[in-house]
Number of protein chains: 2
Amino acid sequence: MPSSATADTELLTVRIAELYYDENKTQDEIGALLGVTRWKVGRLLTQARERGIVRIEIMHPRARRLGIERELRERFGLKDAVVVPDSDDIRSRVAQAAADYLTALRPVPRILGISWGRTLDSVADHLGNGWATGVTVVQINGGVSLNRRPGTASTTAAEIAQKGGGHPILLPSPAILERLETARAISTDRTVAAVLDRAAEANAYLYSAGVADSSSVLVDSGYLTPEDVAELVRKGAVGDVVGRYIDANGNPVDPGLDERTVGLGLDQLRAAETAIFVVAGEAKHDIARTVVMSRLCSIIVTDESTAAALLEEQ
Amino acid sequence: MPSSATADTELLTVRIAELYYDENKTQDEIGALLGVTRWKVGRLLTQARERGIVRIEIMHPRARRLGIERELRERFGLKDAVVVPDSDDIRSRVAQAAADYLTALRPVPRILGISWGRTLDSVADHLGNGWATGVTVVQINGGVSLNRRPGTASTTAAEIAQKGGGHPILLPSPAILERLETARAISTDRTVAAVLDRAAEANAYLYSAGVADSSSVLVDSGYLTPEDVAELVRKGAVGDVVGRYIDANGNPVDPGLDERTVGLGLDQLRAAETAIFVVAGEAKHDIARTVVMSRLCSIIVTDESTAAALLEEQ
DNA sequence: GGACAAAGTGCTCATATGAGCAATTCGTTC
DNA sequence: GAACGAATTGCTCATATGAGCACTTTGTCC
């Protein structure tokens, strides 16, 4: 009777698991109690764990998924990856994880380049005081908001700098300019150029990405109209990274627009030793894939389902 | 900064737990990796388990709650207790647990006394072939169904006996008789008396209990009318055990009715070495309490929430 | 029925781990 | 600032545990 033998073993396994994990008896004791050798007890316990009869879970808002992180690192050649288990407040948990990562980053960065947006804001909130000592926080893309949400970009930088015992350097420029000449003029202007030079020297970058649709912060802030974005999408735009719209291959969708965008170039980001990319949420799966595949980041901080989406193809 | 120190420790604990349980690294390795001594790693792991950061669960239909079982044994002086975790099919899981218990019972009973009803039926179904060798299964209370469900009681006994390689002995009598004289006459009748004698000799009893309301099997089978039951409830009936209605103290509610009930007496059950009581479900919390408190059983097989209800009072 | 591969078993031994204890640090109270 | 008790730390040592291996059992194919 093979099936009943299997059932017997399974039942035995369950009893053993209970005695070991709930009653914390020793494998010897269990063996004596149930009439099996302690080696068999040990083997059945291993099986119980492998077969999922015994489930060990780490229940904590700051828990991570190290297994998936390893897969991401290996699959995409990343320097590091941080994956947070799915939950109802992923955005906040991912931001927390990014803040934790930044805090634990060694060597402590002397200059940190950051983008801006809702995600970065949230990371700033989750950072603890003293996360660094005397850090210079430089904006890496134009940050003056044209419409509402005044000062968001600058307060993010200020908060991160202040909590790291340092000071922010703001990029005094719009994100996107209307005319190419203006963009060139502003980029070479002493005050702006100096900031971009500091940005280029940063030891680490921390940035997020936007989705290419009318919900974009760039639309919200008045740099682009919903029609502009629709046009970009037609040309293959997946989303924006530090203000620059890219296609599925990670290249600027619209070279003209790209030239009118003020800030660190994508290639500078690609060349960076430590480029930390923070993404969360279903909507950003596509742009996340693009960023990771086109090697725009060396480190990713994300949620489990985004990570799964990245890993699932072919 | 006390709170931030606490937060740090907690975060460290989470990291340690991940490395230990998910990545199965050794405590040494973890210590080296995170810059703490291996003893601290060990201590934090213990804390993590105690504080519920690490949750170890045994996910299996036949899992049990040994901790609660121990409490039940101690609190009520039971010989044994079997508690199954709550789930959506408690009835079936509890029946399975009872079947498992019976199978593992040593010494293997030569004579088993059983009651009948939905619960017992289910236990019979869950028993495996060869659970005993040559067992005699005796009905301990009258079992002829008056209305529908013909033969239910006898098939239960037959199934248990057959699977145990033995034969059933049926009690050829109604559960409750209308007149006292008939009851006396039938109980002293050779065929019935012989069965009751065997029942009294049983090495173990297995029975369930009914709730005192119109859903009772005794109503269903036509022995009592819904009005009869309503009257009994008025007199304090909580439910029935082997066909006998008892009050909260475990005494017969209606001595007249009790005398007209054919089967093993409650005191015989109380005196038994091995009286296994199987109950499941919210509705039976009260009768379960009564049975346990009035020492009608020496072993209880039940679900977690029933057990919790038993344990919760003062 | 015999031969062979696969799975399972009992064991040795190196290693990982928890209990228990002395030394230290920390936080409080005077 | 001194004195005290409580918590925390690093450690020793006994014990629990898993890896690896020879041996046995089981199942399968000819």
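In the text below, chain A, chain B and the rest are named by the order of the sequence lines, each starting its count at 1. The basis for the numbers below is simple: all heavy atoms, side chains too, and nothing from hydrogens, waters or symmetry mates. None of these values were measured; they are calculated from a predicted model.
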Tell me if the side-chain of B/Arg43 makes a donor-acceptor pair with the base of D/dG10, cut-off 3.5 Å, by modelled atom types. yes
Just the rounded figure in Å: distance from C1' of D/dT8 to CD of B/Gln47. 11 Å
Expected output: side-chain B/Trp131 to main-chain B/Ile160 donor-acceptor under 3.5 Å: yes
With A/Arg65 as partner, the option from A/Val83, A/Val82, A/Leu72 fulfilling side-chain contact (heavy atoms from CB on, under 4.5 Å) is A/Val83
Whether the A/Asp303 and A/Ser305 side chains hold a donor-acceptor pair (N or O, under 3.5 Å, no angle test) is what I'd like checked. yes
Can you confirm whether more than 12 heavy atoms, excluding those of B/Glu201, are under 6.0 Å from its CD atom? yes
Residues, nucleotides or ligands: over 12 heavy atoms within 6.0 Å of B/Glu23 CD: yes
To the nearest Å, give me how far apart NZ (B/Lys40) and P (D/dC11) are. 14 Å
Along DNA chain C, 5' to 3', what are the outermost nucleotides having an atom less than 4.0 Å from a heavy atom of chain B? C/dA16 to C/dG20
